[in-house]
Amino acid sequence: MSDIIFSGLNPAQKQAVEALQGPVLVLAGAGSGKTRVLTHRVANLIANGVHPSEILAVTFTNKAAKEMQGRIEKILSDPGFNSLSNTSNPGSTARRSPLVAHPSIGTFHAICVRILRREIEHLGNGLTREFVIFDTQDTLSLMKVIMKERGINDKEIKVKAVLSHISGMKSQLITPEEHFANLNMNHNRFAQAVSELYPVYERRLIEHNALDFDDLLKQTVEVFDQNPEVLEKYRQRWRYVLVDEYQDTNFVQYRLIRQLTDTHHNLCVVGDDHQSIYAFRGADYRNILNFEADFPDATVVKLEQNYRSSGNILNNANQLIGYNQTGRKKNLWTESDPGDPIQIYEVFDEREEGQHIATQVKQLESDGQPLSQMAILYRMNAQSRAIEEALMRAQIPYQIIGGTRFFDRREIKDVIAYLRLIFNPRDDVSFLRVINVPSRKLGVATLEIVKRYSNEYGLSLFQILEHVDDIAELNEGKKFALREFREMIYRLQDYAKDKPISLLLDMVVEETNFLKWLDDGTGEGEARQQNVRELSSVAGRYDSADNSLAAFLEGVALISDLDRMNDDIESITLMTIHAAKGLEFPTVFLPGWEEGMFPSSSSQFSPEQLEEERRLAYVALTRAEEKCFISHARQRMLFGQRDFSSPSKFLSELNEDCVERHTAASKDLGFGSRRKKVNFDHPLLSRQPKTKNEAIFGIAENETEYKSGDRIKHAEWGEGTIIQVSGDVIEAAFAGMGLKKIVASVAPIERI
DNA sequence: AGTCGCTAGTTTTTT
DNA sequence: ACTAGCGACT
């Protein structure tokens, strides 16, 4: 009768889905059907009479939350499931579709926001339910201001370092007082500064009615600690709790889960200590290793059958992770065929590596594999450049995840800052961001005066504008500009009361003349305008929400780049291995397996960090379903330095029977063999070699064989004539397109 | 107020 | 090598 819930599950998965009561630990190896277990378990809970609203499922990313939501809805809306839940739950009527009542599914942060919007005023510290969320940039500018006020030199004491230290403490629930008490005689200037800044920073956040990301979790735990009756309410509401990627939890997240489940113990955590790759941001995989100690009566289920990768790929991954001392031994196995061995290529340098990948991609594509089934996963974003150039040259469409995020772009943050100020006039950080954007001729001098009054009267900067006429130091021009700004914000606030967010956003853009301000005649300005328009369409998705302004701001604060990944476009995906966790691709390319690169040089002296790198390599390998190409270069340009590199130690930890090694390096490192012809007649090239390697190997960057008068063909613009060449930059005239500047080494051009 | 040039900092990143 | 961010200059 319970076909829909149990069909297609293996015995271990079935056990995890069936054990509904009490603590359950699911150790889920890579590709072992973890999400399947989670979703079917939720369905089984509901089938057994648990009301959807009594279930809480917590994830780390929006993407994971969304996926789980979608899959649960799919099961629950299945006709087979509905008849099932009606028979086993006689109280429900046929009309009560499970879609009406949702389980609570969300990221730690999103769940905490939801709790805090109702409960934060219990803290009685001045924070109201209209609080705003400060992202990394906001906290950065707040901390800069604080340090400046206190005369702490941000050259000597790095703002970012201070914040990351504070963040670490907050996620360990260490208060400023505790940190201060821990300062010992050996304290250095940095620790000293942190102990001075931490309490001020905390106070300032409250004054701004703002919470940073750590606060979302920390303040929730605090509300629960201080108000047992509030905690009790949530314990009774969420009688069943599930946590995904449990190995990635940090201390405050662990505390929160314990708080929520300590009376009923109906907690199911799913994770894989071998895939713990976020120690650097506070994740502690010991949380998953300690689960049985925390809950001695826990049911432990190991999911060891892998449904994702071919035998050879899995063998390599298993053998590699076996080199780690810590972690539970697991034995991932598969019924799949061995498939292709992992292909390991030695190449000359990063340029040739890119070329090599591009060639393989082309080959696979012509063999009929869509680009969307391939991914290139690297250790760090800086590696993408050489690969991008090669892909561009080969005219292979690609999509990059990571780098500068859409919502971190300046123009996007500016527009959002307006919305935040409209929503919360106490938000000084947003005020300062927009007060002179677009320019209102309000400079530092004017703002200093406003700030002084703000400090003196304990009012926010915007509130001071209400009394702008009483400020004697301001001349009529400045008063006028400030009044205009104030009235505009008032108008927009009025507008926000009954208009959906997308209209409000359009109004902001119009009132501020924002698009005009962005138009600087360059392509970059155009791109910025386009970004603002895209934001408007993103906003449209929140229009139907209850309080669409609040919903939008919250969504924007908690959104990430991964959420914008587009599966529809036929293109190959480039991203870091970290970003690829949880994803899978039929074909995976893994460039840069060299000592110092992967494993990263920072793990050189730390066995713990080396193990984390190895787990990362494990994650990388287990993303691949059928084909896996690893490459390592003999020399690589990194941080402006060309260095020799040796193959990653991870390459020697693979299973020799399941790999094939190739040397693709077209050139040897021998002197002379790589000497390239450089045209020293050209005024720009007739100069001394700049780098040692250039001198030794004759490697000249920006080397181009194009000269003015040459005819070229551009993939997009058609045929054209080169007008001018400066280094790698070519200026060419294209029929009907006019003059275009292109970068020879990168652009999709060929000589005709 | 906006542009120009110098400097520092570049693992990984969610929220 | 590259870039973002800041201080100095025009």
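Below, read A as the first sequence line, B as the second, and so on, with proteins coming before strands; counting in each chain starts at 1. Every heavy atom of this structure was used, including side-chain atoms; hydrogens, water molecules and symmetry mates were not.
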Problem - Centroid distance under 5.5 Å and plane angle under 30°, A:Tyr278 vs B:dT12 - result: no
Which atoms of nucleotides 6-10 of chain C (N or O only) lie under 3.5 Å from a protein N or O atom, and what are those distances?
from  : atom 1 : to       : atom 2 : distance (Å)
C:dC6 : OP1    : A:Lys144 : NZ     : 2.6

Problem - Residue whose nearest DNA chain B nucleotide is more 5′ - A:Lys441 or A:Arg281 - result: A:Lys441
Completion exercise
Taking for A:Ser600 and for A:Asn436 the nucleotide of DNA chain B with the nearest heavy atom, the one nearer the 5' end belongs to A:Asn436
Rounded to whole angstrom units, what separation is found between the [atom1] atom of [X] and the [atom2] atom of [N]?
X        : N      : atom1 : atom2 : value
A:Leu616 : B:dT11 : CG    : C1'   : 10 Å
A:Lys63  : B:dT15 : NZ    : P     : 11 Å
A:Lys158 : C:dG5  : NZ    : P     : 14 Å
A:Lys413 : C:dG5  : NZ    : P     : 11 Å
A:Met380 : B:dT12 : CE    : C1'   : 10 Å
A:Glu608 : B:dT11 : CD    : P     : 20 Å
A:Phe639 : C:dT3  : CZ    : C1'   : 13 Å
A:Met597 : B:dT12 : CE    : P     : 10 Å

Exercise for the section: Kindly point out which of B:dG2, C:dA1, B:dT15 is positioned nearest to the side chain of A:Met637? Expected result: C:dA1
Practice task
Choose from B:dT11, B:dT12, B:dA1 the nucleotide whose nearest atom is closest to any side-chain atom of A:Thr576.
Solution key: B:dT12
Presence of [X] side-chain N/O under 4.0 Å of [N] phosphate oxygens OP1/OP2:
X        : N      : value
A:Ser603 : B:dT11 : no
A:Asn381 : B:dT11 : no
A:Arg385 : C:dT3  : yes

Problem - Residue from A:Glu554, A:His109, A:Arg420 passing side-chain contact (heavy atoms from CB on, under 4.5 Å) with A:Ile133 - result: A:Glu554
Practice task
May I ask you to decide if the ring planes of A:Phe650 and A:Trp593 are parallel, tilted or perpendicular, using 30° and 60° as cut-offs?
Solution key: perpendicular
Handout entry: Parallel, tilted or perpendicular, as decided by the 30° and 60° cut-offs, for the rings of A:Phe224 and A:Tyr234
Key = tilted
Problem - Donor-acceptor pair between A:Glu388 and A:Tyr398 side chains, under 3.5 angstrom - result: yes
Practice task
Look at the side chain of A:Ser602 and the base of B:dT11, then say whether one donor and one acceptor between them are separated by less than 3.5 Å.
Solution key: yes
Within the structure shown, what part of the strands sits under 4.0 Å from [X] by heavy-atom distance: base, sugar-phosphate, or nothing?
X        : answer
A:Ser601 : nothing
A:Gln609 : base
A:Phe60  : sugar-phosphate

Are there over 12 heavy-atom neighbours, none belonging to [X], within less than 6.0 Å of that residue's [atom1]?
X        : atom1 : result
A:Phe480 : CZ    : no
A:Lys158 : NZ    : yes
A:Arg114 : CZ    : yes

Problem - Which residues share a side chain to side chain donor-acceptor pair (under 3.5 Å) with A:Arg615, sequence neighbours left out - result: A:Glu612
